[in-house]
Amino acid sequence: MMSDPFALDDEPSDPPPAAVSPSAAWLDGLNPEQRQAVETTEGPVLVLSGAGTGKTRVLTTRLAHIIASGKARPWNILAVTFTNKAAREMRERVGGLVGGAAEQIWLGTFHALGAKLLRRHAGLVGLDSGFTILDTDDQLRLLKQVMEAEGVDGKRWPPQALMHTIQRWKDQGKPPARLKEDEGGDFAEGRAVALYRLYQERLRTLNACDFGDLLLHCLTIFQDPAHQDVLADYQRRFKYILVDEYQDTNVAQYLWLRLLAQSHRNLCCVGDDDQSIYSWRGAEVGNILRFERDFPGAAVIRLESNYRSTPAILAAASGLIGHNADRLGKTLRPGLPHADDGDKLVVRALWDGEEEARWVVEEVEAQQRRGVPLSQMAILVRAGFQTREFEERLITTGVPYKVVGGLRFYERQDSRDALAYFRVVAQPADDLAFERIVNLPKRGLGEASLQAVHLLARSQGLPLTQAARLLVETDELKPKARATLAALLADFERWRGLMAGTGPADLAQTVLDESGYTGLWQKEKSPDAQGRLENLKELVAALEEFDTLPGFLEHVALVMENDSRSDGAYLSIMTLHGAKGLEFDVVFLPGWEEGVFPHQRALEETGARGLEEERRLAYVGLTRARRRVFLSHAGNRRIYNQWQSSLPSRFLDELPAAVVEKSGETGLFGGGQGGWGGGWNGGSRAWRAEEPQAWAAPAPPEGGFAVGDKVFHQKFGTGRILNRDGNKLEIAFDKAGVKKVIDSFVSLA
DNA sequence: GATAATCCGGTTTTT
DNA sequence: CCGGATTATC
């Protein structure tokens, strides 16, 4: 990762290791299924591995097994992950088993491996091996430019929408040539595919790729009959292929794998259909189902012994996910004997979001007092905006916390500006980077001057830097602009000249100082200027670890992660998506309300697909916990500063009653508060009643309301009940209109 | 070419 | 209601 990405390393040729005895030590301690997954090396294998069933262990042991038993040399193995973190972890763990050989494995993310292959064969798709990898921001800007040039009304046809469509096409492995011209529907009067084609052409002239291209271009090469030798070479090279998080692969990735594995068919995919939560990004759970069809005779191995969670948590997760119809079917069972089922899952109803936050933080502190370290606890939310209330509460109580995810270092404005300078230096054809910094800091090269450069570049089909170089030879520009631009170009040249002799960190510092970018923030008096300067320092420091500037840029493009070490003593707050693959002793799952979780947008979708994905997300959340789960929902929530009442999530009803406990026997709104109607929170009685879950109507609360009753609600005032569905009421309020409310929150008026 | 005014949208986001 | 992004205005 840290070396020069353009280096065309090839396999070293040391002698093969001696074959090791078949009953090797690394197989010890695996359960029979795990062992089977490790030892079934030949032919297609699908490992369905539930949460907490030792997936990573199986993957790493399998790699070690193949190497140590002499079946293949490390460089004959291709191992693909989704995140850099997973790749790093895997390499470390394999290294622990087989030592330095782990370094030689072709191991990385789909995108990193795609980039590596593509740099070798860039010429075959009209690129130079030093191509730039654009981030989403640049992609959008580029597409906007294309649409503008084509006279497409960006108001009527938002570029974002087309960007999304193009990304989905790329996820499906479809370049423009493989699309019907009208595939984009009405968009821009049916010109979506044409715009896609133009966008791809622009990328090529800029010598750039977007993320999707890293795989799509590979596919194009692999599928081209004229380059069968290239594919054949890799097919021969990669004798064993391993894929992690298989449920998250998209069609392009699937095709990529299938082509590579076609001849020897030693393809092992590990995944869990119940944890597929990225379909909105193009992931196809269908790839799992397809597997057995495309690779007949595939061994299917199920890992169902869970070594992470208590029986109660497993029962809750299984009960919930059992409501999904579209799944392969897998049941988690405790992998180790347990003395008891463990604590029940706590479900708590709160008045509003603020109170929910207060309760959660109180429980966090209570757990802390019982000896659970903060680092072993996490609050998992559905969406980013939910973190605010918890942060506020944690700040006032002084509990250390960290919001995991959020803005990433290289995505910050200052980082991106600085990176644009580096990109222009490293890759003169990078127009997007050029545009970003040509007038930053302000040097009087405004729209007019830039327009002239653009015009020339367009007419001559040249990159902007090159067009600018021609332009400064003419009298096209005003003398001042001409001189400024000439000076800037001279700077670029000088910096490029330094590339060979100067370390990347020193070079970066020089570029930032001489360009005036550092000065821009030094002059700035705004409170965040200091922070930005520190970011720049950090950026330069990060460069120390790299041998070359292009190497660093590759890292930045492909490794968009926060290197947040999870060691400190703080509570983690993150989205459910961000929590996949992690585990904690105690997990808090707030905001289980209809419209929040499951999210409104998922509910509005037609069919059950969206809802099932939300449910898988809930399953992921539950299965993060080793010992305890605290769920909650608030009756009222302020969204966009408007009070909205919300009903408890249907997912709460889907948790088997036997393992759930409604917290607080007094109930927050139950007895004592004066006629809160004794809703389901009135105590644990109703909830503990038998097992009738899901669609069975919940038992009506004693002293429940009837249609027509006049009731009072704290936030909405008085109203009359229109409809009643169990404890959920539809009420026509005198002032607030018709609202759905849970009965615990109203009283007879 | 830089500020002020206004309009829009406001899940999730491994790369 | 807040924030950003585009537009209007000086």
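Worth knowing before you read on, the calculation uses all heavy atoms, side chains too, and leaves out hydrogens, waters and symmetry mates. Each chain gets a letter, A, B and so on, in the order its sequence line appears, and its residues count up from 1.
Take A:F110 and apply the ring-ring contact (aromatic ring centres under 6.0 Å, His included) test, not counting sequence neighbours, and it matches A:F82, A:W256. A:E391 pairs by the salt bridge (charged side-chain N to carboxylate O under 4.0 Å, His left out) definition with nothing, not counting sequence neighbours. Residues satisfying the salt bridge (charged side-chain N to carboxylate O under 4.0 Å, His left out) criterion with A:E354, sequence neighbours excluded, are A:R358. With sequence neighbours excluded, no residue forms a ring-ring contact (aromatic ring centres under 6.0 Å, His included) with A:Y254. With sequence neighbours left out, A:R638 forms a salt bridge (charged side-chain N to carboxylate O under 4.0 Å, His left out) with no residue at all.
In B:dT12 the O4'-C1'-N dihedral to the base is more than 90° from 0, which defines an anti nucleotide.
Aromatic stacking is marked for A:H599 over B:dT11, as both cut-offs hold: 5.5 Å for the centres and 30° for the planes.
Aromatic rings of A:F222 and A:H217 (six-membered ring for Trp) have centroids beyond the 6.0 Å cut-off, not under it.
Among the protein residues, A:R382 comes within range of the nucleic acid bases, having at least one heavy atom under 4.0 Å from a base atom. Residue A:Q253 is out of contact with every strand shown, counting any heavy-atom pair closer than 4.0 Å. Nucleic acid contact class of A:G384 (heavy atoms, under 4.0 Å, all strands): sugar-phosphate only. As judged by a 4.0 angstrom heavy-atom cut-off over every strand, A:G114 is placed among residues making no nucleic acid contact.
Comparing the same atom, P, in B:dT11 and in C:dG4 gives a spacing of 15 Å after rounding to whole Å. C:dG3 and B:dT12: their P atoms are spaced 16 Å apart (whole Å).
Remark: A:E476 CD is loosely packed, at most 12 non-hydrogen atoms of other residues, nucleotides or ligands lying under 6.0 Å away.
Atom-to-atom, CZ of A:R168 to C1' of B:dT13 comes out at 10 Å; the value is rounded to the nearest Å. Straight-line distance from the CZ atom of A:R615 to the P atom of B:dT12: 21 Å, rounded to whole Å. Rounded to an integer number of Å, the gap from NE2 of A:H111 to C1' of B:dT13 is 11 Å. Look at NZ on A:K170: it is 19 Å from P on B:dT15, rounded to the nearest Å. Between A:E284 atom CD and B:dT14 atom P there is a gap of 20 Å when expressed in whole angstrom units. One interatomic measurement links the two molecules: CH2 of A:W280 to P of B:dT15, which rounds to 12 Å at whole-angstrom precision. If you take CD of A:Q386 and P of B:dT12, they are 9 Å apart, rounded to a whole angstrom. Rounded to whole angstrom, the span from the CZ atom of A:F82 across to the C1' atom of B:dT15 amounts to 9 Å.
In this model, the phosphate group of B:dT15 is approached by a side-chain N or O of A:N84 to a distance below 4.0 Å at OP1 or OP2. OP1 or OP2 of B:dT13 sits under 4.0 Å from a side-chain N or O of A:T575.
Between B:dT14, B:dT11, B:dT12, one nucleotide has an atom nearer to the side chain of A:Y278 than all others, and that is B:dT14. Comparing B:dT13, B:dA2, B:dT15 by their closest approach to the side chain of A:K442 singles out B:dA2. Considering only side-chain atoms of A:H577, the nucleotide from B:dT11, B:dT12, B:dT14 that sits closest is B:dT12.
Between A:E245 and A:K55 the shortest side-chain heavy-atom distance falls below 4.5 Å.
On a pure distance criterion of 3.5 Å, a polar donor-acceptor pair joins the side chain of A:R281 and the base of B:dT15.
Each of A:L617 and A:S449 was matched to the nucleotide of DNA chain B holding its nearest heavy atom; the match closer to the 5' end belongs to A:S449. Between A:G444 and A:A602, the one whose closest nucleotide on DNA chain B sits nearer the 5' end is A:G444.
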Could you go through nucleotides 2-6 of chain C and list every protein N or O atom that sits under 3.5 Å from one of its N or O atoms, giving the distance for each pair?
| from | atom 1 | to | atom 2 | distance (Å) |
| --- | --- | --- | --- | --- |
| C:dT6 | OP1 | A:K144 | NZ | 3.2 |

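The existence of a salt bridge linking A:R281 and A:D171 is excluded, since no basic side-chain nitrogen approaches an acidic carboxylate oxygen closer than 4.0 Å.
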